[in-house]
Amino acid sequence: NFITTFVYFGTIGAISVEFFNLKEEEFSSYLVSAMFVPVISALGLISFIAILGNYFVCLFDVPFLWLLVIPVFGILQLLPQYVLLIFRNKQQPIAFGRFQILLTLCNIGLSVFFVIYCNQHWQGRLYGIFCSYFIFSIISLVVLNKRGYFKAKIQKQSIRKVFYFGLPLLFHSIGAIIIDMSDRLFIDVMLGKHILGLYGVGYQVGMIMLIIQDAFSKAWSPLIYSELKSADEAKKIKIVKYSYAAWLFFIVCTTLLYL
């Protein structure tokens with residue numbers, strides 16, 4: 001997550017916002033330009049990891065080859081996210097659901113194949129993720145091409161706009177990851193990987209609320225951006241009230257989960 005955050009560079013948020021602000025032709029150019037930013041970032045990260053590889057191997061206890069592959073993972077995960085974002089913002093739930101479910105089934109199926117039938121242990125899970133996202137990255141490129149997005153040209157102004165949008169979010173994301181992962185680093189160093197594994201399993205129980213929050217966010221974000229585009233003062237106040245009600249709902253649900 002820490003490394004892929006640099007690859008993403010806030011492009012998902014930037015594209016989601018500009019989807020409602022730009023015309024179709026302008027958005028196509030913005031999308032293609034935004035896709036160029038993670039590629040540059042990934043190449044820079046690969047070079048950085050190659051230079052300081054031994055240090056990262058000792059720090060994260062991960063084989064050097066897998067560290068080099070992580071930025072590529074980030075690119076492969078981004079392409080399907082672009083397609084899902086477009087489906088969601090265009091309010092095409094069937095296309096969104098079909099694409100997401102097929103991606104998940106492919107991910108799980110290949111992971112089971114590599115882990116159980118090929119006896120690849122923990123590496124098999126990574127092979128499954130990599131292969132599934134590689135397949136759906138190709139499918140994503142085909143989908144985007146059929147919808148005419150690749151007919152647009154890359155514009156330096158759009159790249160600069162994505163950079164200015166993503167840079168502040170980059171520090172925010174890094175801070176969130178450090179807060180989220182620091183406890184695991186302490187447990188790993190002080191108590192060992194066995195206890196860390198048990199902690200990870202228990203941690204997943206608390207992730208139940210994240211599933212609900214993620215589903216809500218995917219439906220709420222395109223709605224809120226489309227409403228804000230032409231909202232008057234009264235509608236903005238109404239949106240704020242709905243936002244408070246939503247977060248109150250999550251607070252109540254989280255409290256009930258831990259009773």
Side-chain angles (χ1 to χ4, degrees), residues 1-18 30-85 103 107 111 114 120-138 140-141 144 154-190 193 196 200:
N1 284 344
F2 187 81
I3 296 177
T4 54
T5 297
F6 286 92
V7 177
Y8 293 173
F9 211 86
T11 53
I12 293 293
I15 293 170
S16 183
V17 171
E18 295 301 330
Y30 187 85
L31 175 62
V32 174
S33 301
M35 291 173 65
F36 189 69
V37 174
V39 174
I40 299 174
S41 180
L43 291 174
L45 281 170
I46 291 173
S47 302
F48 184 72
I49 293 171
I51 295 172
L52 299 176
N54 293 330
Y55 174 77
F56 287 119
V57 168
C58 296
L59 180 63
F60 297 108
D61 195 20
V62 176
F64 177 70
L65 181 61
W66 283 112
L67 286 174
L68 284 177
V69 172
I70 289 175
V72 181
F73 264 107
I75 295 294
L76 295 179
Q77 289 178 330
L78 262 180
L79 289 170
Q81 290 300 317
Y82 292 147
V83 174
L84 289 170
L85 184 147
L103 173 58
N107 191 341
S111 297
F114 284 117
Q120 291 295 314
H121 307 291
W122 64 267
Q123 294 95 332
R125 174 60 180 142
L126 297 180
Y127 292 147
I129 297 172
F130 185 88
C131 291
S132 60
Y133 275 97
F134 179 79
I135 293 169
F136 273 81
S137 291
I138 296 175
S140 298
L141 291 174
L144 292 172
I154 296 175
Q155 295 183 350
K156 291 183 180 179
Q157 184 179 358
S158 296
I159 294 176
R160 194 180 301 113
K161 201 173 180 180
V162 172
F163 178 81
Y164 288 141
F165 183 94
L167 186 60
L169 294 179
L170 182 64
F171 294 105
H172 169 76
S173 299
I174 291 172
I177 291 173
I178 291 174
I179 293 173
D180 185 53
M181 300 298 295
S182 59
D183 53 351
R184 304 182 192 188
L185 291 174
F186 283 119
I187 293 173
D188 184 24
V189 173
M190 299 172 67
K193 288 183 170 50
L196 177 62

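Here the structure is a predicted model, which means the values were calculated and not measured.
For Phe136, the ring pair (Phe, Tyr, Trp, His ring centres under 6.0 Å) partners two or more places apart in sequence, or in a different chain, are Phe99. For Arg125, the side-chain hydrogen bond (donor to acceptor under 3.5 Å, both in side chains) partners two or more places apart in sequence, or in a different chain, are Asn107, Ser111. Scored by the side chain to side chain contact (heavy atoms under 4.5 Å, CB included) test, Tyr127 finds Trp66, Phe114, Gln120, Gln123 as partners (sequence neighbours excluded).
Atom-to-atom distance recorded for Lys156:NZ and Ser33:OG is 11.5 Å, nearest 0.5 angstrom. Here CG of Leu103 is found 10.0 Å from CD1 of Ile135. Values are rounded to the nearest 0.5 Å.
Under a 3.5 Å cut-off, the side chain of Ser47 and the backbone N or O of Leu43 do form a donor-acceptor pair.
Within the structure, the salt bridge (charged side-chain N to carboxylate O under 4.0 Å, His left out) test picks out the following pairs touching residues 157-172 (sequence neighbours left out): Glu18-Lys161.
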Side-chain donor-acceptor contacts of residues 67-83 below 3.5 Å, not counting sequence neighbours, with atom names and distances?
| unit_1 | atom_1 | unit_2 | atom_2 | d |
| --- | --- | --- | --- | --- |
| Gln77 | OE1 | Tyr8 | OH | 2.9 |
| Tyr82 | OH | Thr11 | OG1 | 3.2 |

For a quick test of your reading: what N or O donor-acceptor pairs under 3.5 Å do the side chains of residues 34-42 make, sequence neighbours left out?
| unit_1 | atom_1 | unit_2 | atom_2 | d |
| --- | --- | --- | --- | --- |
| Ser41 | OG | Phe6 | O | 2.5 |

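The side-chain heavy atoms of Leu167 and Phe163, taken from C-beta on, include a pair separated by under 4.5 Å.
Shortest non-hydrogen contact noted between Leu85 and Ile12 is CD1-O, 3.4 Å.
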